[in-house]
Each structure stands twice: as structure tokens, then as C-alpha cells.
Amino acid sequence: MKYILDTAGKQAQAARPPEPKNDQHGRQRSEKDSGRPMWQTQVIVLDETGAEVIMVTTVGEKPNVVQGQLVQLVQLEAIPWSMETNGKARSGVSFRASEIKAVEVRSAAK
């Protein structure tokens, strides 16, 4: 089951430039089915309740966004996960988008 999040009414901003999503050996991860490279972008998401900083994974071309730029998170998906290592349970939520696009900001006409 996919959990696609409604991003309407939320503002998103790139907190850091996109970087390769690396494995524990420092090699860039790739999608299992397609072999396309994976990227991660730290994003600040703001709404009326406050802000959250999330790491968003994308696959394929490196997102063409820069730090501080307003962005659109296309088909943002929440992926719950849990694991046990050495008898200790950990869990969380990962985020993946089909695309991260720059938002064009228009200045007000005078």
C-alpha cells in the first residue's frame, strides 16, 4: 500500500542541495528494479502548524534545485519502516517523491 501525502497548502524549501544516497560503503545506491541512481534532498516543509525537516529520496536524474529554493514535491510518499538490530527495535518514516521541482517565484508587478 502506498501512502501518498497531500502537499496542498504546504510550502517546501530545499535545505541542502541534492546529494547521492550512499550505502554503508560510500557507494551511491540504485533502485533495485531499474538500476537508476538514488538521490536525497533535505527539505523543510512548512504549514500552519509549524515546520518539519525531512529527507526526500528521488530516483533517476539529480533534482535541479539549490539550497534555499522553493520546491514542489511531486507524489510525496511516506514509507513506514521498522527493524531490529542486536535486540534493539528501531522504526521511522522515510519519504520518497517521484520528482522534486523548483518553484518559479513571480515578483509582484508595481
Side-chain angles (χ1 to χ4, degrees):
M1 175 180 287
K2 288 192 173 200
Y3 299 104
I4 303 297
L5 302 178
D6 180 7
T7 57
K10 297 180 177 28
Q11 179 179 321
Q13 182 178 22
R16 288 197 321 228
E19 55 191 36
K21 183 169 185 168
N22 294 332
D23 64 17
Q24 63 271 23
H25 303 291
R27 293 184 297 254
Q28 186 171 14
R29 291 177 183 243
S30 58
E31 187 177 49
K32 289 178 186 167
D33 296 337
S34 69
R36 296 181 305 162
M38 299 175 82
W39 302 92
Q40 59 185 8
T41 307
Q42 188 181 67
V43 176
I44 301 165
V45 181
L46 180 69
D47 67 10
E48 68 280 352
T49 64
E52 294 280 336
V53 178
I54 62 174
M55 193 66 78
V56 180
T57 298
T58 53
V59 176
E61 294 291 320
K62 181 179 180 180
N64 188 19
V65 298
V66 296
Q67 183 178 29
Q69 191 169 36
L70 294 177
V71 297
Q72 178 186 3
L73 304 171
V74 179
Q75 291 186 314
L76 181 63
E77 179 182 2
I79 305 164
W81 59 270
S82 63
M83 64 188 303
E84 188 174 321
T85 307
N86 298 328
K88 293 191 179 199
R90 297 181 347 161
S91 62
V93 177
S94 296
F95 296 94
R96 183 170 173 156
S98 63
E99 187 178 3
I100 298 177
K101 299 192 303 189
V103 172
E104 184 179 322
V105 179
R106 296 187 179 125
S107 60
K110 292 184 180 182

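The model shown is predicted, which means the values in this text are computed figures rather than measured ones.
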Search all heavy atoms of V103 against all heavy atoms of V71 and return the closest pair with its distance.
CG2-C, 3.4 Å
Measure across V66 and A14 and return the closest heavy-atom pair with its distance rounded to 0.1 Å.
O-CB, 3.4 Å
I need the minimum non-hydrogen distance between P63 and P18, along with the two atoms involved.
O-CG, 3.4 Å
E31/R36 ion pair, N-O < 4.0 Å
yes
Counting only N and O atoms by type, is there a donor-acceptor contact under 3.5 Å from the side chain of Q40 to the main-chain atoms of E19?
no
Is there a donor-acceptor pair under 3.5 Å between the side chain of T58 and the backbone N or O of A97?
no
Take atom CD of E61 as the centre, draw a 6.0 Å sphere, and report whether it contains more than 12 heavy atoms from other residues, nucleotides or ligands.
no
Check whether any side-chain N or O of Q75 sits under 3.5 Å from a backbone N or O of E99 as a donor-acceptor pair, and report yes or no.
no
Taking Q42 for its side chain and M55 for its backbone only, find out whether a donor-acceptor pair lies under 3.5 Å.
no
R29/D23 ion pair, N-O < 4.0 Å
no
Could you tell me whether the side chain of R96 reaches within less than 4.5 Å of the side chain of V59, counting heavy atoms only?
yes
Side-chain touch L73/L5, heavy atoms, less than 4.5 angstrom
no
With side chains defined as the heavy atoms from C-beta onward, is the minimum distance between Q13 and L46 less than 4.5 Å?
no
Taking a hydrophobic cluster as the set of Ile, Leu, Val, Met, Phe, Trp and Tyr residues connected by side-chain heavy atoms closer than 4.5 Å, whether directly or through intermediates, do L70 and V53 fall within one such cluster?
no
